[in-house]
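A quick write-up on the structure given underneath.
Numbering starts at 1 and runs along the sequence shown. Counting convention: from 1, in listed order, for ligands and their atoms alike.
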Amino acid sequence: MSRVALVTGGTRGIGAAISKALKEKGYKVAASYAGNDEAAQKFKDETGIPVFKWDVSSFEACGEGIKQVEAEVGPIEVLVNNAGITKDAMLHRMKPEQWNAVINTNLGSLFNMCRQVIEGMRARKFGRIINISSINGQKGQMGQTNYSAAKAGELGFTKALAQESAKAGITVNAICPGYINTEMVQAVPKDVLEKSILPLIPIGRLGEPEEIARCVVFLAADDAGLLTGATISANGGQYFH
Ligand code: CAA
């Protein structure tokens, strides 16, 4: 029987590529999204993947959403925590709302989601949790004290939960994408992208969402049980960690 996978932020950008790649591999996929109804509807029409709307920064909303996914699609066996936002600003200009939104959405969501699927995975003795962190959690990034802190936090969370879950047949891994060709990166000021970021990427180009999706497919596989607590860097050689 095909396994059930839930991808948060799974209707756009890297998340959409992950949802599609898992579906192609035979998973029953559900994709959550936070706010862009139009993009979610288009994604659903194009892929046939069911979409569910909730805010991953809310524990209660995650509980309700997961309940709905499990009722309609099945118990979640593969969880991809991909949803994330940026609110870039130098710290000397950063507002508390920019800090809180990024920490709660990017890092808080890992607790909100994992806490509510982990008991089921432990009972079934199988699970794959894949957290989409970032190169900027590994190396730090000016303008992103909030985002870098959240993404680095995801790596600690991953390693701790991997240890807790190993005996229950659950693997927990992180992927650190570099700069990927998505709306999030296109939102970086053009001159900063061209002058300060692109020249630092040895392969000489942005990554593509599908190149992250293939890492997820690899980690999600039933025969990937030896790999846990790992961080996979997929950044075109920009940073080795
Ligand atoms: N790398 C190197 N230098 C950077 C930089 C970066 N990513 N971002 C900004 N700078 C430099 C600018 O080139 C500029 O240098 P000069 O003074 O020599 O011209 C200096 O920092 C100040 O920048 P701004 O004039 O733009 O200052 P600002 O206060 O208006 O804005 C900022 C600062 C918010 C950091 C803005 O520059 C910005 O948004 N930068 C991009 C930050 C970034 O890389 N975000 C990643 C988003 S994508 C993502 O997060 C996905 C992922 O996981 C990789």
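When only non-hydrogen protein atoms are considered, atom 44 (O) of ligand 1 lies nearest to Y179 OH, 3.0 Å. Regarding atom 2 (C) of ligand 1, its nearest protein heavy-atom neighbour is S196 CB, 3.3 Å. Closest to atom 48 (S) of ligand 1, if we only count protein heavy atoms, is V185 CG2, 3.8 Å. For atom 35 (C) of ligand 1, the closest non-hydrogen atom of the protein is G143 CA, 3.5 Å. Counting protein heavy atoms only, atom 43 (C) of ligand 1 is closest to D88 OD2, 3.6 Å. For atom 28 (P) of ligand 1, the nearest non-hydrogen atom of the protein is R93 NH2, 3.9 Å. At the shortest separation from atom 8 (N) of ligand 1 among protein heavy atoms lies V192 CG1, 3.3 Å. If you check which protein heavy atom lies closest to atom 38 (C) of ligand 1, you get P189 CD, 3.8 Å.
Not one N or O of T86 is nearer than 3.5 Å to an N or O of ligand 1, by distance alone.
Closest heavy-atom contact between Q116 and F59: NE2-O, 2.9 Å. Taking each heavy atom of M94 and A89 in turn, the nearest pair found is CE-O, 3.4 Å. The heavy-atom pair separating E77 from M121 by the smallest distance is O-CE, 3.6 Å. Between V56 and T105, the shortest heavy-atom contact is CG2-O, 4.0 Å.
The side chain of I197, and not its backbone, has at least one atom closer than 4.0 Å to an atom of ligand 1 (non-hydrogen atoms only; side chain from C-beta on).
In this structure, atom 16 (P) of ligand 1 has no protein heavy-atom contact shorter than 4.0 Å. Contact annotation for atom 50 (O) of ligand 1: protein present (non-hydrogen atoms, distance under 4.0 Å). For atom 25 (O) of ligand 1, no protein heavy-atom neighbour is present inside the 4.0 Å cut-off. Taking a distance limit of 4.0 Å, we find that atom 30 (O) of ligand 1 is approached by no protein heavy atom.
Screening V78, I18, L22, I130 for a side-chain contact (heavy atoms from CB on, under 4.5 Å) with V217, the sole residue that qualifies is L22. When the options L6, I170, I76 are evaluated for a side-chain contact (heavy atoms from CB on, under 4.5 Å) with V117, the one that passes is I76.
With hydrogens and angles ignored, the 3.5 Å screen pairs no side-chain donor or acceptor of K53 with any backbone N or O of G65. Checking side-chain atoms of S19 against main-chain N and O of G10 turns up a donor-acceptor pair under 3.5 Å. Checking side-chain atoms of N173 against main-chain N and O of A230 turns up a donor-acceptor pair under 3.5 Å.
With no hydrogens or angles considered, a side-chain donor-acceptor pair links S57 and D55 at under 3.5 Å.
The side-chain heavy atoms of I175 and I212, taken from C-beta on, include a pair separated by under 4.5 Å.
Within the set G137, S134, C176, G13, the minimum heavy-atom distance to atom 53 (O) of ligand 1 is found for S134. When the heavy atoms of M142, Q186, M90 are ranked by distance to atom 11 (C) of ligand 1, first place goes to M142. Nearest to atom 46 (C) of ligand 1 by heavy atom, out of Q144, E183, Q141, is Q144.
Those atoms of ligand 1 with a heavy atom of M184 less than 4.0 angstrom away are 49 (C), 51 (C). Each of the atoms 54 (C) of ligand 1 lies under 4.0 Å from some heavy atom of G178.
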Residue pair Y179, N136: steps toward the side-chain hydrogen bond (donor to acceptor under 3.5 Å, both in side chains) verdict: CA-CA 9 Å; Y179 283 76; N136 292 345; 3.2 Å; yes

